[in-house]
Amino acid sequence: MPFISGGSKNKSRIKRFVYFIKKPSILRTFCVFIIIAVIFSSLISGFIMYLYTTKYMTDTKSEDIKKAVDDINILYSRMYTSYINNLDESGDWVSDEGYRDYRSEYLELLNRLELYHDLLNITGFVTESDGSIFLSYPLLPNMTGLAESSGREFMSADVTDKLLYNNGDYFFKESAQYYTGSAYDYVIDSGDFHGLYSSYTDSYLSITQSIAYVYPGMTEAINKGTITLSIPMPEITKARSSIINYYVFSTFVAVILEIIALIIITKEITNPIRQLQSMTEQVSMGNFKAKIESNSKDELGQLINSYNSMAEALENLDVLRNDFIASVSHELRTPMTSIRGFIDGILDGVIPPERQEHYLQIIKEEINRMNILVNDLLNMARLQSGKVELDMMPYKTDDLLINTACKLEPIIDEKKINLEFDLNTKNCEVLIDKLSIERVLINLIQNATKFTQSGGIITIRSAFADDDKVQITVEDTGSGISPEELPFIFEKFYKVDKSRGLDKKGTGLGLAIVKSILAAHNQSIRVESTLGKGSRFIFTLPIYRKD
Ligand code: ADP
């Protein structure tokens, strides 16, 4: 049943079309926008074309009509001159000859109108200044006397119906049809001459000119009425309708072509957007591995690249977070396992009473270590979340370095390490949160002490780095750090000596805290180290300026 299946196919096509129209999408927005733009541009250019074509055609034709109007105007003046010359004061004809003279001028005017009609299809009106029609060709029904000779034509009822008949005279209905204002210029009308030719489909070009008559012996012209000659212009009507047809057709074709082009182009745009959308969903579900392939270098390509980088960063962050949790759990579980073992041993009596104090001492140390770890973690979390308010105060650099180092003198002395100063920032004040920066120095000096053998040297240096910074260096002659390990030592829980040979108490958080504190001061830290020779930690502090 091919017919039925074809019908259902059509139905589903219609459904899809309706869905497309209703569904908000980039393609639909583009389509609507482009269709409106195409229709508007067609309308505007069509309208302009329409006006220009009409103007061109009327301009060409109107030159001929103007000449005919002038001609009729002259004939009218001649007729009127004969009229006033051959009338006496009481309004009677002075002689039969005078009347014949006037009559011949009158008929010449009529014949000329008839000639224009026969040759050019012109309809002519000679109108008095009150709008009453003095003469016309084709003739009006009240001009029967003129029709007798040579079978003159009468005006169609389509036109006479649009005139006013009053007391044996025909009048123009609209003042615009016979009133030209004070101008003696031609008044050009293209259309139905204010309703006179509204029964016809053709457009009419009508030119009206007032009759300016100068009485003998006078200088000023008197307005005696108007002359209007109209000519049907089917070519205007034809041109207008073909312009409309042309624009409707070309708009239709343009819209179809635009839609096809848009479907192709928007696919290129919407496909990556759809991919981005599905990738976002994947990322929001925790799958950071989702990536989009894109070779394009345009804005969308850049967006996709940024998106891929973001997913990668999120993935790294996820790995870091998992590592962090694993490290914290590990750091806490190890001491807790041993604490639990020792307590079980004491409770079970496996550990004899005389050894119990020893194990309780170990338990105390482990608890202290866990305490330090938890405090370090809390401090770092606060620093990184930006919740720590720094109490920035000016402080003398040299005093800060000497006083802090002195606090650590006992452990330095205990390891028989020499502490040296090389201070070149006399009287220079730095603007810092004193407690935090003390913490930085303590961590660095403690590390230097931890990793330096007896007899080694720790040197604390200060120098001006640039206009607004001093540079502090904590240098030791200790074990040093291998180049492979160097990039990681500022990371949380990173310990070079995993077996904790040199340092049993370290949490691997010290340098991470140092970095966070300096970052909160907008300062940086770097390290230089040679394995077996020693390390140098260099950081900056902001100089305090009084102004
Ligand atoms: P910890 O609390 O374990 O010392 P840190 O973050 O302070 O952790 O240091 C990380 C690692 O960097 C240490 O485990 C150590 O291996 C290495 N390190 C830090 N300072 C020095 C130093 N002055 N000399 C040699 N190694 C150091």
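Note that this is a predicted model, so its numbers are computed, not measured. Every number for a ligand or one of its atoms is a count from 1 in the order of the listing.
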Does even one non-hydrogen atom of [X] get within less than 4.0 Å of ligand 1?
| X | value |
| --- | --- |
| F537 | yes |
| N443 | no |
| Q446 | no |
| G478 | no |

Derivation of the side-chain contact (heavy atoms from CB on, under 4.5 Å) call for I346 and L360: CA-CA 9 Å; I346 292 168; L360 282 173; 4.0 Å; yes
Numbered atoms of ligand 1 (with element) below 4.0 Å of I489, judged on heavy atoms: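 With I489 as reference, the close atoms of ligand 1 come out as 10 (C), 12 (O).
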Atom indices of ligand 1 within 4.0 angstrom of S479 heavy atoms, with elements: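 The atoms of ligand 1 under 4.0 Å from a heavy atom of S479 are 25 (C).
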Atom pair CG/CD of N287 and E315 - distance to nearest 0.5 Å: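 Separation between the atoms: 8.5 Å.
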Nearest-0.5 Å distance that lies between atom OG in S242 and atom OH in Y50: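 The OH atom of Y50 is 11.0 Å from OG of S242, to the nearest 0.5 Å.
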Residue pair Q523 / T540, side-chain donor-acceptor N/O under 3.5 Å: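 A pair is found: one side chain offers a donor N or O, the other an acceptor, under 3.5 Å apart.
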Polar contact flag for K450 and ligand 1 (N/O pairs, less than 3.5 Å):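 Yes; at least one N/O pair falls below 3.5 Å.
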Location of contacts on L444 toward ligand 1, heavy atoms closer than 4.0 Å: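 Under 4.0 Å from ligand 1, L444 contributes no heavy atoms.
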Ligand 1 versus L511: contacting region, heavy-atom distance under 4.0 Å: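 It is both backbone and side chain that touch ligand 1.
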Contact check, side chains of Y204 and D192, non-hydrogen atoms, under 4.5 Å: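 No, too far: nothing below the 4.5 Å cut-off.
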Other residues, nucleotides, ligands: >12 heavy atoms within 6.0 Å of D467 CG: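 For D467, atom CG is not crowded (no more than 12 foreign heavy atoms under 6.0 Å).
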Heavy atoms from other residues, nucleotides or ligands near NZ of K396 exceed 12 (cutoff 6.0 Å):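 Counting other residues, nucleotides and ligands, NZ of K396 stays at 12 neighbours or fewer.
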From the candidates G508, S529, G510, the one that places a heavy atom nearest atom 1 (P) of ligand 1: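 Selected option, by shortest heavy-atom distance: G508.
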